[in-house]
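Shown next, in structure tokens, is the structure this report addresses.
Excluded from the calculations below are hydrogen atoms, water molecules and symmetry mates; all remaining heavy atoms, backbone and side chain alike, are included. Residue numbers count from 1 along this sequence.
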Amino acid sequence: MEQRFFNFLHGYVRIRISGEACERFLNLCAYHGIRLWGLFPVDDVCETYVSRKDFFRLKTFVRKSHTRIRIAGRYGFPFFMHKYRSRWACVCGALAAAVFMAWLSAHIWNISIEGNLSQTDDVVFEYLESEGVSHGMWKNQIDTQELSEQLRSYFTQFSWVSADLKGTRLMIYVREGNISTQSEEDGQESGISDIAAAKSGTVVSIFVRKGLAAVSAGDAVEEGDILVSGQIPVYNDEGEIVSWQSIKADADIILRTETDYYEALPFQTMRKNYTGRQKIRRFFRVGAFSFVLPGAWGTYASFDLTGEITQVQLSKNFYLPVYYYKYTAKEYESLQYNYTEEQARRILESDFSDFVENLEEKGVQIFQNNVTIVMYEKEAVAKGTLITDENNAVVRVVE
């Protein structure tokens, strides 16, 4: 790819070689370091590409090999400039476009986050903006290693964070789970820290890699209690503490906690009956400027509004600050609907199943389910507690 760029920048030609000693001509070019590429036969002759600079060196080799060459094509920036030398406006426009593309490529126009489950993208974006990381900033203003450490320190649920710049994209990869020795894997030590409980509960198991365990399996803990200390006592021969060694605590801890659950569903409710009519509005946004495309736009008495946003990209990792918006208004009528007890039960069971599935995706194991569905006169209610085993219900306390 780089060689093709330099070929275009310096210019090159396609030449047609004819004569009985084409092979000798090619050997002379190779011996004197003249680069030929794209050699292919055409009828009784052959064609190849040579740089504009090397083309002027071929006269001697043509005479020695008794061959003939003819230019079959001219390519590259110098020939482009010569061809359009009388059209200065077109040339200036092409140069301005090239400079503008170079300016665009030096900025961040897309930020993507992958692997986060406990935190939404909006929460992470809000933190990034508070740290001065946003769309449109210069790429050389971002220290990916420092940004990774800041995210890992702020979001204690993230056990591993990696930031990478690709084209005009800032890609952030995160991993959630136990507090691990990732800093050691990176060859860095981030100082003294303890491990504390993020919730109240009971310790199911604790495996300490580094540090001093302050609790054991079966102990009840409150939110904020220290579970593993980063202060290790150093004893003398008499068994007395003479000093303390400060390290970064590391452990696998599972806490058994209680999670309350409540959802009510009235038997009489208003449901949306969509009429099938809809109206669409489209517009573009370039930077801070918006351009509305022609089209009718009205309002219904009752409607749902949905939107789609598409960012323009030239390649997989080359995004532009150009966005296409499409808003759709779908009309509906509000009709009263009465649920039966069986229908209400199925809806509540489905919602509860989704809630449990979301917990399991975060690595939470259900130990005991005490949620029940109760039918009242006007509503059905799912309520109770879940006893769960969590391996990420801890936070790091940095001293």
Side-chain angles (χ1 to χ4, degrees), residues 1-10 76-77 94-177 179-190 283-291 307-326 361-363:
M1 186 67 181
E2 183 178 354
Q3 185 62 49
R4 291 176 61 184
F5 172 76
F6 284 110
N7 289 337
F8 174 82
L9 185 64
H10 297 135
F77 185 71
L95 291 176
V99 173
F100 182 60
M101 291 299 295
W103 180 84
L104 288 174
S105 64
H107 290 74
I108 294 296
W109 301 115
N110 179 270
I111 302 176
S112 63
I113 305 170
E114 297 182 10
N116 54 314
L117 297 175
S118 61
Q119 300 293 334
T120 63
D121 288 352
D122 291 339
V123 174
V124 180
F125 284 140
E126 184 178 349
Y127 171 75
L128 291 176
E129 290 183 1
S130 67
E131 295 296 322
V133 179
S134 60
H135 294 85
M137 69 178 301
W138 291 89
K139 292 197 297 185
N140 58 12
Q141 294 179 345
I142 299 178
D143 186 336
T144 55
Q145 183 175 348
E146 181 181 354
L147 179 61
S148 300
E149 295 176 356
Q150 290 175 343
L151 286 168
R152 191 162 55 240
S153 300
Y154 186 82
F155 295 99
T156 57
Q157 301 88 345
F158 298 164
S159 60
W160 177 82
V161 180
S162 174
D164 189 19
L165 288 172
K166 293 183 178 180
T168 60
R169 301 182 69 188
L170 171 61
M171 306 180 70
I172 300 175
Y173 305 93
V174 304
R175 185 184 303 159
E176 300 181 358
I179 296 177
S180 63
T181 57
Q182 187 64 34
S183 60
E184 294 181 0
E185 296 176 4
D186 295 338
Q188 300 173 352
E189 191 66 37
S190 56
F283 68 91
F284 281 98
R285 181 167 67 86
V286 180
F289 303 96
S290 299
F291 307 90
E308 299 178 8
I309 303 177
T310 304
Q311 187 173 4
V312 178
Q313 58 186 108
L314 299 181
S315 63
K316 181 180 179 181
N317 294 315
F318 199 113
Y319 283 78
L320 300 178
V322 181
Y323 302 85
Y324 169 72
Y325 292 78
K326 177 184 176 181
E361 288 179 354
K362 298 177 181 179

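Partners of Gln313 under the side-chain hydrogen bond (donor to acceptor under 3.5 Å, both in side chains) rule, at least two apart in sequence or in another chain, are Tyr319. Asp143 pairs by the side-chain hydrogen bond (donor to acceptor under 3.5 Å, both in side chains) definition with nothing, not counting sequence neighbours. Residues passing the ring pair (Phe, Tyr, Trp, His ring centres under 6.0 Å) test with Phe8: none are found, sequence neighbours excluded. Applying the side-chain hydrogen bond (donor to acceptor under 3.5 Å, both in side chains) criterion to Thr144, with sequence neighbours excluded, gives no partner residue. Listed by chain and number, the residues in a ring pair (Phe, Tyr, Trp, His ring centres under 6.0 Å) with Tyr325 are Phe283 (sequence neighbours excluded). Taking Tyr323 as the reference, nothing meets the ring pair (Phe, Tyr, Trp, His ring centres under 6.0 Å) condition, with sequence neighbours excluded. Taking the side-chain contact (heavy atoms from CB on, under 4.5 Å) definition, one finds that Phe289 meets it with Phe291, sequence neighbours left out. Taking Asp121 as the reference, Asn116 meet the side-chain hydrogen bond (donor to acceptor under 3.5 Å, both in side chains) condition, with sequence neighbours excluded. Under the rule for a ring pair (Phe, Tyr, Trp, His ring centres under 6.0 Å), the partners of Tyr154 that lie at least two apart in sequence or sit in another chain are Tyr127.
Atom CD of residue Gln145 and atom CD of residue Glu149 lie 5.5 Å apart, to the nearest 0.5 angstrom. Atoms CD1 and NZ, from Ile309 and Lys326 in turn, are 13.5 Å apart once rounded to the nearest 0.5 Å. With rounding to the nearest 0.5 Å, the separation of OG in Ser162 from CD in Glu114 is 11.0 Å. Once rounded to the nearest 0.5 Å, the distance linking CG of Leu128 with CG of Leu170 reads 7.5 Å.
Sorted by first and then second residue, the side chain to side chain donor-acceptor pair (under 3.5 Å) pairs with a member in residues 130-142 form an empty list; sequence neighbours excluded.
Between the side chain of Arg4 and the main chain of Phe6, no donor-acceptor pair closer than 3.5 Å is present.
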**Request:** Decide yes or no on side chain to side chain contact (heavy atoms under 4.5 Å, CB included) for Leu151 and Val174, but give the supporting numbers first.
**Result:** CA-CA 9 Å; Leu151 286 168; Val174 304; 5.7 Å; no

Side-chain donor-acceptor contacts of residues 95-112 below 3.5 Å, not counting sequence neighbours, with atom names and distances?
from   : atom 1 : to     : atom 2 : distance (Å)
Ser105 : OG     : Met101 : O      : 3.4
Ser105 : OG     : Ala102 : O      : 2.7
His107 : ND1    : Trp103 : O      : 2.7
Trp109 : NE1    : Leu104 : O      : 2.9
Asn110 : OD1    : Arg169 : NE     : 3.3
Asn110 : ND2    : Gln311 : OE1    : 3.0
Ser112 : OG     : Arg169 : NH2    : 3.3

